[in-house]
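Heavy-atom basis, side chains included; hydrogens, waters and symmetry copies ignored. A, B, ... follow the sequence lines: proteins, then strands. Residue 1 opens every chain.
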Amino acid sequence: MTFIVSPPPTISLQQLNKPNSNSTKEEWIFSSLKSPKTPTQLKTLHAQIIKTGLTQNDLVFGQLFLCCSISDSMNYAGQVFDKIPHPKLFFYNAMIKGYSINGAHNEAVRLYSLMRLSSVTCDSFTFPVVLRSASSLKRIGVGEELHGLVVKTGFVERLILQTALIDMYCSCGLSDRGRAVFDRVVERDVICWNTMVSGYVKCGELGKAEELFGEMPVRNVSSWNTLVDMFCKSGDIVTARRLFDGMPDKDVISWNAMISGYAKIGDYQASRELFDAMPIRNVVSWNVMLTCYVNNRKFLEALELFRAMQVSDIKPNEVTVVAVLPACAHLGALDLGQWVHAYIDRNRIKMDLYVNTALIDMYGKCGSVEDAQVVFDNAVVKDTFMFSTMIEVLAMHGKPEEAFQLFSYMENVSIMPNDVTFVGLLKACSHGGMVDIGVKYFKMMRNKFRLIPKVEHYGCMVDLFGRAGRLEEAHELIKSMPMEPHPIVWGTLLSACRIHGNVKLAEEIAICLLELEPENCANYVLLSNIYSKAGRWEEVGKLRNIMKEKGVVKKPGCSSIEVNNGVNEFLAGDRAHPQCKEIYKTLNEVVKRLKVEGYNPCTSSALHDTDLDEKEQSLIYHSEKLALAFGLLSTDNKTPIRIVKNLRVCEDCHIFMKMVSKYYNRQLIIRDCSRFHHFSNGSCSCSGYW
DNA sequence: ATAGGGTTAG
């Protein structure tokens, strides 16, 4: 391998266009290649290049590769490149740069290695691009090799390369070596300083970063931004804000960094204040604000903001839809989710791994396994996250066999499962009552995949044993856990006691559980249900007094239903809905009708020991029943009614929904806090396991 | 150089 010591000769456009018969054509092709093209347009242009004999023209042919990179068609570029017998330096550079621009750093480094094996030599154009990729991939080996070449070729005096080297070393966690390069730089510009400061940040050496920031002879907005972001990320929001307020100039990035700082500590109101106050917003600003709402479970606010974004002049991108889809998923807003999906198609938003996974999750959580499956099948690239999500969706919908099959498929295509994959598999088992298979997977994760079971996996196993009525085994498993059992694990067992009416064990568990989580209402409710099922009203009363003493309030049941793209929320006994009167009228009619068919309110689901009538009243106005009534009166017979509830569906509502599905001939799809219930013709897909 | 993204036990 030889090295070019002097800068390579460059061909100017004037030279390229020196008069000949093809010059106008060349010029036209060259300039067409400067803007993004559709795959068909690319093919046509490629054909024209071949026809005009321009394949020997570095600049034009190289531009084809660069055009592919801005057209999201690096696959096509790769196909063309692979057919070239002896690619020239210019083509390598264009391809490597294309991969790098598209974030395909692995491909960039792969091609660089290929180039090194060929007789083509790198030039000053190659180095910074590959260094950037090595930096992103934290490939110190590649980076060191490049450093050696840069020194050998004498390019090391160039500031751009020195800066790239500093960044590469710091990204690989070697701030000292980055600093060594930095110290040798004779004339540093702001970018060089900034790179070193942010290099220290990357390496977690915040003190050194701050110190170097102090030494800077000149600072620009980016320098300040780095520091503001650094304090935001380290949780020191006060210092960040002080710097932010003291900045001589602010740009969008400064505002975005500060907003995301508040988002991280959960202060979505402060985030929103800044968002409203900022002079100019870009996509990132909207995305930060959206994810801020979603991370703080303000899903309705997120959707509202997304609507506001539609009327702004900022176009949503991949990140936007990945922020909005979980909001749809949580609220069960299938219509809006579908709308977002259509929006993605219409606006050619790139369907990357994130977008596809978010879509699968959204369809799953909104009750449409079929659509989730279609997105999954159509996804060209699939990773562990996507498989885990799909397995989880199948589990949630009570399709254990399909979940297991998908796992086998995953093994066949050599995608490594992770701990979350196994949570999905174990959930599939417990929702299907398949204890032995669950035990098999639980052992497999350790033995075959070297994954150490976490509390979550033990929780699944306790659930699995517990639901199947093997309460003692579940209890033993908790006692044998290598880690401290999380209250959730005890709660799971308590819930199993409720299903199987085991008051004795329930009391034993409740003693420690109520001590661990004295403020969690769910535990009191569970225990109370267990007592009332056994007819032990004195204990129910005692429990109610304890709750009153400790100030524990029952978390209100809340159900939502989406009609005409609007999400309607109902609390138990809620009278806030504008169509309240009609809703209650419909509900009372339904109850009357079902009573004729033999419906008998199952009062053990009611929390309080009140008289029967009152108990019945409180059951009738459970939030999911209100949502159902609203659904019945605002949709036609053929539309499935989809309801999302924040708590578990109670026994009474479960029976009630079964009957509605039969006597009103309606398909009801209800999501509770842990799974789906598909009701049709008097039966439910959960077959009693919930 | 600097801001934003997907799965997880009751």
Side-chain angles (χ1 to χ4, degrees), chain A residues 163 166-167 170 189-199 201-202 220-230 232-233 251-261 263 282-292 294-295 317-326 329 352-362 364-365 383-393 395 418-424 426-427 430 453-464 466-467 485-496 498 513 520 522-523 526 647-648 672-675 690:
Chain A
T163 310
I166 295 168
D167 179 55
C170 293
D189 64 357
V190 205
I191 296 181
C192 186
W193 279 93
N194 286 348
T195 308
M196 195 59 232
V197 173
S198 72
V201 177
K202 277 180 200 163
N220 62 9
V221 203
S222 304
S223 328
W224 288 87
N225 288 345
T226 307
L227 228 65
V228 169
D229 186 50
M230 177 184 93
C232 282
K233 286 197 172 127
D251 62 4
V252 213
I253 295 176
S254 330
W255 288 88
N256 291 349
M258 202 61 228
I259 293 175
S260 113
N282 64 7
V283 219
V284 179
S285 324
W286 289 89
N287 292 346
V288 175
M289 199 57 230
L290 281 168
T291 40
C292 174
V294 173
N295 290 339
N317 64 7
E318 297 80 52
V319 182
T320 318
V321 296
V322 172
V324 173
L325 286 170
D352 61 13
L353 275 170
Y354 290 91
V355 173
N356 276 321
T357 307
L359 276 171
I360 293 166
D361 184 53
M362 180 279 292
K365 291 212 173 90
D383 69 349
T384 305
F385 269 64
M386 197 185 281
F387 271 98
S388 303
T389 307
M390 192 63 219
I391 287 173
E392 156 75 21
V393 167
N418 65 9
D419 53 331
V420 183
T421 320
F422 280 96
V423 170
L426 296 178
K427 253 167 103 171
S430 79
K454 302 210 283 192
V455 206
E456 287 90 338
H457 303 96
Y458 282 96
C460 290
M461 291 308 286
V462 170
D463 190 43
L464 182 55
R467 280 180 203 278
H486 190 276
I488 290 180
V489 180
W490 290 114
T492 309
L493 187 55
L494 189 60
S495 168
R498 188 199 56 84
L513 188 55
N520 187 348
N523 301 326
L526 257 178
L647 307 174
R648 227 176 50 91
D672 68 13
C673 56
S674 77
R675 64 166 299 156
W690 94 93

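For the residue pair Asn220(A)/Asn194(A), the side-chain donor-acceptor check at 3.5 Å is satisfied.
Interatomic distance, Ile360(A) CD1 to Thr389(A) OG1, rounded to the nearest 0.5 Å: 6.5 Å.
Scanning for side chain to side chain donor-acceptor pair (under 3.5 Å) contacts around Lys454(A) gives Asp419(A), with sequence neighbours left out.
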Q: For Ser430(A) and Asp463(A), run side-chain hydrogen bond (donor to acceptor under 3.5 Å, both in side chains): C-alpha distance rounded to whole Å, both residues' side-chain angles, the deciding distance at 0.1 Å, then the answer.
A: CA-CA 7 Å; Ser430(A) 79; Asp463(A) 190 43; 3.0 Å; yes
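Within the 3.5 Å criterion, the main-chain N or O of Asn225(A) finds no donor-acceptor partner in the side chain of Asp229(A).
Put simply, the side chain of Thr195(A) and the base of dA1(B) share no donor and acceptor less than 3.5 Å apart.
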Q) How does each nucleotide of nucleotides 3-10 of chain B score, in 5' to 3' order, for protein heavy atoms under 4.0 Å: base (B), sugar-phosphate only (S), or none (-)? A) BBBBBBBB
